[in-house]
Amino acid sequence: MDIISQLQEQVNTIAALAFNTFGTLQRDAPPVRLSPNYPEPPSQEPTEDSATIAEQPKLMSAALVKAAKQFDALVAALPLSDGGEEEQLKRIAELQAENDVVGQELQKQLQAAEQELVQVQELFSQVADNCLNLKKAD
């Protein structure tokens, strides 16, 4: 897998981890009184899962940090550009010129193929007419 695909995959991983982390934090957050006008939220009694719930954010944030570090390592592995912006613009112009030449060649080949197709269709039509004329003569 090339480096760009790995970066895209890592971004997807980070997004999924963030989504799950935020969802878990929202789900497990204790109720809070929003305003003095509202009644006190019902208290939650500690359960045996309280320790597990308290550890989940730590584990999830550690996974998120690890994924971010992996992303940073992939970014650091990207090749450096040569010569700066001017060199890149020059290379883009060269590639565009090469693309134009190849495009013109392909266009010529397409026109030649279309002409050949017309000739084949005319020959096929002539052959079909000749076969019909031979059958009529019998």
Side-chain angles (χ1 to χ4, degrees):
M1 185 183 302
D2 69 332
I3 190 103
I4 300 299
S5 297
Q6 290 176 2
L7 282 169
Q8 291 170 334
E9 186 66 30
Q10 196 61 30
V11 166
N12 290 339
T13 300
I14 291 171
L17 286 169
F19 180 81
N20 290 333
T21 300
F22 300 148
T24 300
L25 289 173
Q26 181 181 2
R27 179 194 69 204
D28 297 340
V32 178
R33 187 174 183 178
L34 298 175
S35 166
N37 299 334
Y38 290 104
E40 195 66 36
S43 62
Q44 290 184 334
E45 296 185 23
T47 64
E48 57 190 53
D49 291 338
S50 295
T52 307
I53 290 174
E55 286 297 315
Q56 272 187 332
K58 292 177 186 176
L59 295 172
M60 296 179 109
S61 62
L64 196 56
V65 168
K66 180 181 175 186
K69 286 181 179 180
Q70 288 174 341
F71 181 82
D72 289 341
L74 288 171
V75 168
L78 285 172
L80 297 175
S81 63
D82 297 331
E85 186 176 346
E86 289 179 17
E87 186 67 30
Q88 289 177 357
L89 291 174
K90 181 180 174 185
R91 178 70 177 139
I92 289 171
E94 290 171 1
L95 290 172
Q96 186 63 44
E98 182 180 332
N99 187 37
D100 291 342
V101 169
V102 170
Q104 290 173 358
E105 180 63 32
L106 286 174
Q107 190 64 34
K108 289 177 186 175
Q109 290 177 1
L110 177 64
Q111 289 173 350
E114 287 174 346
Q115 290 174 354
E116 192 172 336
L117 176 64
V118 168
Q119 290 174 351
V120 168
Q121 287 173 336
E122 288 175 2
L123 289 173
F124 181 78
S125 178
Q126 290 174 3
V127 168
D129 288 344
N130 288 340
C131 285
L132 289 175
N133 288 337
L134 285 176
K135 286 187 179 182
K136 287 182 184 176
D138 291 340

First locate atom CD of Glu85, then atom CD of Glu87, and finally report the distance between them rounded to the nearest 0.5 Å.
12.0 Å

I want to check something: taking the side chain as every heavy atom from C-beta on, are Leu25 and Pro57 in contact at a cut-off of under 4.5 Å?
yes

State which residues pass side chain to side chain contact (heavy atoms under 4.5 Å, CB included) with Leu110; sequence neighbours excluded, sorted by chain then number.
Gln107, Glu114

Compare every heavy atom of Met60 with every heavy atom of Thr24, then report the nearest pair and how far apart it is.
OG1-CE, 3.4 Å

Give every residue pair that meets the salt bridge (Lys or Arg N to Asp or Glu O under 4.0 Å) criterion with at least one member in residues 90-103, sequence neighbours excluded.
Arg91-Glu94

Same apolar cluster (I L V M F W Y, side chains within < 4.5 Å links), Leu7/Val65
no

Quick check: does any side chain N or O of Asn99 sit under 3.5 Å from a backbone N or O of Leu95, one acting as donor and the other as acceptor?
no

Check whether Ile14 and Ile4 end up in the same hydrophobic cluster, where Ile, Leu, Val, Met, Phe, Trp and Tyr are linked by side-chain heavy atoms less than 4.5 Å apart.
yes

Should Leu78 and Phe71 be counted in the same cluster of Ile, Leu, Val, Met, Phe, Trp and Tyr side chains packed under 4.5 Å apart?
yes

Determine, stepwise, if the pair Leu59 / Gln56 fulfils side-chain contact (heavy atoms from CB on, under 4.5 Å).
CA-CA 5 Å; Leu59 295 172; Gln56 272 187 332; 5.5 Å; no

Could you pull out the closest heavy-atom pair between Ala63 and Leu17, with the gap in Å?
O-CD1, 3.6 Å

Transitive ILVMFWY side-chain link Leu74 to Val11, under 4.5 Å
yes

Output the distance between atom CG (Leu64) and atom CZ (Phe19), rounded to the nearest 0.5 Å.
14.0 Å

Counting distance only, does the side-chain N/O of Gln10 pair as donor-acceptor with the main-chain N or O of Ala67 below 3.5 Å?
yes

From Thr13 OG1 over to Lys66 NZ, what is the distance, rounded to the nearest 0.5 angstrom?
11.0 Å

Who passes side chain to side chain donor-acceptor pair (under 3.5 Å) against Glu86, sequence neighbours left out?
none

For Glu105, does the CD atom sit with more than 12 other heavy atoms under 6.0 Å from it, leaving out its own atoms?
yes

